**Q** 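Once you've had a glance at the structure underneath, I'll fire off some questions.
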Amino acid sequence: MGKVLSVTEAVDVLLQGQIVGLPTETVYGLGADATNESAVAQVFIAKNRPRFDPLIVHVPTLAAVREIAELSEAAEQLFLAFSPGPLTVVLPKKDTIPDLVTSGHPTVAVRIPAHPLMLSVLQSSGLYIAAPSANPFGFASPTTAQHVLDQLGNLISGVVDGGPCSIGIESTIVDMSSDAPKVLRLGGMALEQLERVLGPISTQLSSSNPNAPGMLTSHYNPGAPVELFNDREALLAALQLEDSDAIGILYWGETIAHASSFNLSEQRSDLEAACNLFKGLRLIGRAPVTRIYVHLLPEYGLGRAVNDRLQRAANK
Ligand code: TXA
Ligand code: MG
């Protein structure tokens with residue numbers, strides 16, 4: 001049964017080829033030694049994750065990025081500007097990383113996470129750590145150690161408790177493996193910030209993109225059907241027409257007096273809303289409701305990444 005582990009205990013578990021829950025600033029990861037194929041296989045099994053969906057490899061430094069990937073000048077600029085932080089860069093891979101990690105792709109997704117405990121685990125183990133988000137495939141990502149224990153506790157030896165994640169949604173993924181950079185996943189690093197370094201950048205987010213096989217249109221299942229509203233008034237009007245106790249609402253801005261509801265950010269902050277998103281989806285999903293109404297955020301900053309996840313949660 002999984003329990004809370006110290007950094008030293010987690011390092012021992014990883015060096016023995018077992019898997020462990022680890023905190024990052026975005027969401028909790030389920031970590032394995034990226035060079036140990038049997039450890040990596042345990043990650044796919046514990047998450048019930050299809051083998052065609054490649055894993056992100058976490059490293060502590062730019063020097064370590066060079067050990068596992070071909071680093072172009074432009075990619076180096078990105079790392080220098082934004083790492084450690086909520087950014088993952090897809091680069092041509094080197095042979096240090098087994099094909100199982102990248103699902104046979106010639107590229108590897110690399111990230112330097114900003115969480116101090118994750119950095120200690122990376123530094124004291126000397127490992128490259130393959131880690132997807134520590135949730136069963138298709139469900140909300142964990143933003144506390146308790147979420148990891150609740151969802152995967154009986155399948156892992158434990159989790160390092162680094163407190164609630166400060167960003168709360170997964171990293172932004174940028175494909176820098178060709179001359180034209182592309183955003184494959186909206187996440188904790190706002191597009192506007194990336195564009196300050198890279199210039200205008202295209203996005204390719206759909207599930208049909210063979211380069212981001214994990215970006216399925218249906219994901220983050222909260223347990224009840226989700227309906228999206230662009231407009232607060234429309235959501236409130238729809239609520240009037242229903243047996244409103246059977247409806248959960250996930251919203252932002254001024255408080256709405258309603259039994260099963262969760263305010264992502266009363267202050268209307270995109271950062272706060274991102275940080276609360278998965279907690280909100282979990283709480284509303286556990287409430288006795290048959291449907292969930294969601295008020296989407298304005299499309300700027302992390303609002304885009306939050307809306308992207310809400311749209312996936314609404315797809316069946
Ligand atoms: O914030 C994060 O990125 C968290 C923390 C733990 O670091 N990790 C995370 O991993 O969100 P995961 O496995 O839930 O999402 C990884 C995404 C998947 O959509 C996968 O398809 C994509 O990264 N990916 C991984 N390797 C790739 C590659 N070589 N090319 C394109 N996409 C890749
Ligand atoms: Mg995930």
Side-chain angles (χ1 to χ4, degrees), residues 2 4-5 10 19-32 43-44 46-49 53-59 82-89 109-119 121-122 129-153 155-156 158-174 184-190 212 214-216 219-222 250 262 264 270-283 285 302-310 312-313:
V4 171
L5 302 176
I19 61 179
V20 68
L22 296 168
T24 85
E25 78 282 27
T26 57
V27 300
Y28 276 72
L30 181 59
V43 169
F44 283 96
K47 271 191 66 111
N48 196 18
R49 180 179 176 114
D53 192 3
L55 307 180
I56 294 174
V57 180
H58 299 70
V59 298
F82 298 123
S83 286
L87 174 73
T88 294
V89 183
V110 193
R111 172 158 124 76
I112 305 177
H115 197 289
L117 294 187
M118 179 65 169
L119 286 169
V121 170
L122 284 163
I129 298 182
S133 50
N135 50 280
F137 186 70
F139 289 86
S141 299
T143 54
T144 65
Q146 191 59 48
H147 293 163
V148 179
L149 292 176
D150 290 346
Q151 288 185 303
L152 295 173
L155 300 173
I156 61 177
V159 59
V160 174
D161 189 350
C165 299
S166 60
I167 306 259
I169 52 172
E170 302 88 340
S171 60
T172 300
I173 305 181
V174 186
L184 303 182
R185 178 173 72 183
L186 297 168
M189 170 77 48
M215 295 299 293
L216 299 177
H219 209 70
Y220 307 113
N221 173 12
L250 198 62
F262 186 89
L264 291 169
D270 57 327
L271 301 181
E272 189 185 21
C275 196
N276 283 328
L277 175 69
F278 289 126
K279 181 178 164 196
L281 279 173
R282 274 196 170 76
L283 286 176
L302 298 197
R304 285 183 227 276
V306 170
N307 288 347
D308 174 78
R309 282 156 184 74
L310 291 169
R312 289 172 206 277

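On a predicted model such as this, the values are computed, not experimentally measured, just so you know.
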**Q** Decide, yes or no, whether a salt bridge links R312 with D308 under the criterion of side-chain N to carboxylate O below 4.0 Å.
**A**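 Looking at R312 and D308, the cut-off is met.
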**Q** Test side chain to side chain contact (heavy atoms under 4.5 Å, CB included) on F278 and R309; report intermediate values, then the result.
**A** CA-CA 9 Å; F278 289 126; R309 282 156 184 74; 3.9 Å; yes
**Q** What heavy-atom pair brings P113 and T24 nearest, and what distance separates the two atoms?
**A**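 The pair with the smallest heavy-atom distance is CB-CB, 4.4 Å.
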**Q** Which atom pair, heavy atoms only, marks the closest approach of L302 to G187?
**A**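 Here L302 and G187 meet closest at CD2-O, 3.4 Å.
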**Q** Using the rule given for side chain to side chain contact (heavy atoms under 4.5 Å, CB included), can you reason through L55 versus V43, listing the C-alpha separation, both sets of side-chain angles and the distance that settles it, and then say yes or no?
**A** CA-CA 9 Å; L55 307 180; V43 169; 4.2 Å; yes
**Q** Is the side chain of R49 donor-acceptor paired with the backbone N or O of P136 at a distance under 3.5 Å, no angle test?
**A**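 No, the answer is negative, given that no donor and acceptor are paired below the 3.5 Å cut-off.
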**Q** Is it the case that more than 12 heavy atoms not belonging to N48 sit under 6.0 Å from its CG atom?
**A**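 For N48, atom CG is not crowded (no more than 12 foreign heavy atoms under 6.0 Å).
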**Q** Do the side chains of V148 and L30 get nearer than 4.5 Å, heavy atoms only?
**A**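 No, every pair of side-chain atoms sits at 4.5 Å or beyond.
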**Q** How long is the span from the OG atom in S171 to the CG atom in L186, to the nearest 0.5 Å?
**A**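 Nearest 0.5 Å value for the OG-CG distance: 11.5 Å.
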**Q** Does any N or O in the side chain of T172 come within less than 3.5 Å of the main-chain N or O of M189, such that one atom is a donor and the other an acceptor?
**A**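 Side chain of T172 to backbone of M189: a pair is present.
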**Q** Between CG of L184 and OG1 of T88, what distance do you get to the nearest 0.5 Å?
**A**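 If I round to the nearest 0.5 Å, the distance is 10.0 Å.
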**Q** Using 0.5 Å steps for rounding, measure from the CG atom of L22 to the CD1 atom of I129.
**A**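 Spacing of CG (L22) from CD1 (I129) equals 5.5 Å.
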**Q** Which atoms form the tightest heavy-atom contact between Y220 and A313, and what is the distance?
**A**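 Y220 and A313 have their closest heavy atoms at O-CB, 3.6 Å.
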**Q** Looking at Y28 and Q146, would you say the former's side chain and the latter's main chain have a donor-acceptor pair under 3.5 Å?
**A**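 Not at all, since once roles are kept as given, no pair shorter than 3.5 Å links the two residues.
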**Q** Taking all non-hydrogen atoms of both residues into account, name the closest pair between L155 and I19 and its distance.
**A**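 Closest heavy-atom pair between L155 and I19: O-CD1, 4.4 Å.
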**Q** Check whether N135 reaches the backbone of F139 with its side chain - one donor and one acceptor, N or O, closer than 3.5 Å.
**A**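 Yes, N135 side chain to F139 backbone: donor-acceptor pair under 3.5 Å.
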**Q** Could you state the interatomic distance from CG (L264) to CG (N276), rounded to the nearest 0.5 Å?
**A**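 Reported value, rounded in 0.5 Å steps: 6.5 Å.
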**Q** Check the pair V20 / L5 against side chain to side chain contact (heavy atoms under 4.5 Å, CB included), numbers first and verdict last.
**A** CA-CA 9 Å; V20 68; L5 302 176; 3.5 Å; yes
**Q** Show the nearest heavy-atom pair for residues C275 and C165, with the distance to one decimal.
**A**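 Heavy atoms only, the tightest pair is SG-O, 3.6 Å.
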**Q** For I112, does its backbone N or O pair with a side-chain atom of H58 as donor and acceptor, under 3.5 Å?
**A**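 Looks like no, no N/O pair under 3.5 Å.
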**Q** Are V174 and L87 close enough, and set up right, to give a side chain to side chain contact (heavy atoms under 4.5 Å, CB included), and what steps lead you there?
**A** CA-CA 8 Å; V174 186; L87 174 73; 3.7 Å; yes
**Q** Kindly write out the residues that satisfy salt bridge (Lys or Arg N to Asp or Glu O under 4.0 Å) with E25, not counting sequence neighbours, or none if the list is empty.
**A**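 Listed in chain order: R111.
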**Q** Is there side-chain contact between L119 and V121, with at least one heavy-atom pair below 4.5 Å?
**A**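 Counting from C-beta outward, L119 and V121 never come under 4.5 Å.
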**Q** Scan side-chain atoms only and decide if S141 and E170 contain a donor-acceptor pair under the 3.5 Å cut-off.
**A**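 Yes, because at least one side-chain N or O of S141 sits under 3.5 Å from a partner of the opposite role on E170.
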**Q** Any sub-3.5 Å donor-acceptor pair from K47's side-chain atoms to S133's backbone N or O?
**A**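 Side chain of K47 to backbone of S133: a pair is present.
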**Q** Who passes side-chain hydrogen bond (donor to acceptor under 3.5 Å, both in side chains) against Q151, sequence neighbours left out?
**A**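 For Q151 the side-chain hydrogen bond (donor to acceptor under 3.5 Å, both in side chains) partners, ignoring immediate neighbours, are R282.
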**Q** Taking all non-hydrogen atoms of both residues into account, name the closest pair between T143 and T26 and its distance.
**A**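 That closest heavy-atom pairing would be CG2-O, 4.4 Å.
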**Q** What distance separates L277 CG from L250 CG, expressed to the nearest 0.5 Å?
**A**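 Output value for this atom pair is 7.0 Å.
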